[in-house]
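Because the structure is a prediction, the values reported are computed rather than measured. For the single chain, residues carry numbers from 1 onward in sequence order.
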Amino acid sequence: MKWMQHLKWGLMAMLLALLVGCSNLALKKPDVQVANIETGKTTLLSQDFTVTLRVQNPNETALNAQGLSFELMANGKKVANGLSNQPISVPAMGESLVPLTVHTSLIDWLQLAGAAMQQGKTSLNYQINGYLDGLNGWGRIPFTRSGEWQLPK
């Protein structure tokens, strides 16, 4: 009969773990916005940018992610993708700024910016798609955002 007690405690532990896991399913999706894009180091073959994301948490519990993965598009063309393994912590009902270094091909970047300027445009349309990975040690949440980025003068 001792094994019945162990089985009962084991089932109760599994039920508790399931309830805790289900509470994570009720998380509202964080809002991820591009707060800033700054040009950085330029070499013969590459151009670096710092893309700062603003992550807003609409939940009553803090969000902690192990990192994020993303893809950056400009005027419909993929210009960069990347990973960050830096932990991200966003307080309950709050926001955090997350700076990311993005590396692009200098040639591709110059062609893209040059084509926009030839058309008389002073900005590029961008879209960033990605995932907050390892959210609260559980899973990943997708995000996408688009907007306009003013070209440097």
Common cluster, [X]/[Y], ILVMFWY with side-chain heavy-atom separation under 4.5 Å:
X      : Y      : result
Val34  : Val32  : yes
Ile141 : Tyr131 : no
Met73  : Leu124 : no

Provide the closest heavy-atom pair for [X] versus [Y] in the form atom of the first, atom of the second, distance.
X      : Y      : answer
Tyr126 : Glu148 : CE2-N, 3.4 Å
Gln47  : Gly40  : NE2-O, 3.4 Å
Leu112 : Ala74  : CD2-CB, 3.4 Å

Inset, instruction - Return yes when atom CZ of Phe143 has more than 12 non-hydrogen atoms of other residues, nucleotides or ligands closer than 6.0 Å, and no otherwise. - result: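 Atom CZ in Phe143 is packed in, count exceeds 12.
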Inset, instruction - Assess whether atom CG of Leu97 is packed by more than 12 heavy atoms of other residues, nucleotides or ligands within 6.0 Å. - result: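 More than 12 within 6.0 Å, yes.
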Legend entry - Side chains of Leu72 and Thr104 in contact at under 4.5 Å (non-hydrogen atoms):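 Contact flag for Leu72/Thr104 side chains = no.
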Legend entry - Positive for side chain to side chain contact (heavy atoms under 4.5 Å, CB included) with Leu100, one of Leu68, Thr52, Thr50: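 In the set Leu68, Thr52, Thr50, the residue that makes a side chain to side chain contact (heavy atoms under 4.5 Å, CB included) with Leu100 is Leu68.
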Between atom [atom1] of [X] and atom [atom2] of [Y], what is the distance when rounded to the nearest 0.5 Å?
X      : Y      : atom1 : atom2 : value
Arg145 : Asn129 : CZ    : CG    : 12.0 Å
Asn57  : Leu132 : CG    : CG    : 10.0 Å
Glu38  : Thr101 : CD    : OG1   : 10.5 Å

Legend entry - Backbone of His103 reached by a side-chain donor or acceptor of Asp48 within 3.5 Å: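 No, Asp48 side chain to His103 backbone: no donor-acceptor pair under 3.5 Å.
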Legend entry - Asn59 side-chain N/O to Lys28 backbone N/O, donor-acceptor pair under 3.5 Å: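 Between the backbone of Lys28 and the side chain of Asn59 there is a qualifying donor-acceptor contact (under 3.5 Å).
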Can I get a per-line list of side-chain donor-acceptor pairs under 3.5 Å for residues 76-94, giving both atom names and the distance, sequence neighbours left out?
unit_1: Ser84; atom_1: OG; unit_2: Gln86; atom_2: N; d: 3.3
unit_1: Ser89; atom_1: OG; unit_2: Asn64; atom_2: OD1; d: 2.9

Inset, instruction - Write out all pairs satisfying ring pair (Phe, Tyr, Trp, His ring centres under 6.0 Å) with one or both partners inside residues 32-56, taking only residues at least two apart or from two chains. - result: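 Found Phe49-Trp109, Phe49-Trp149.
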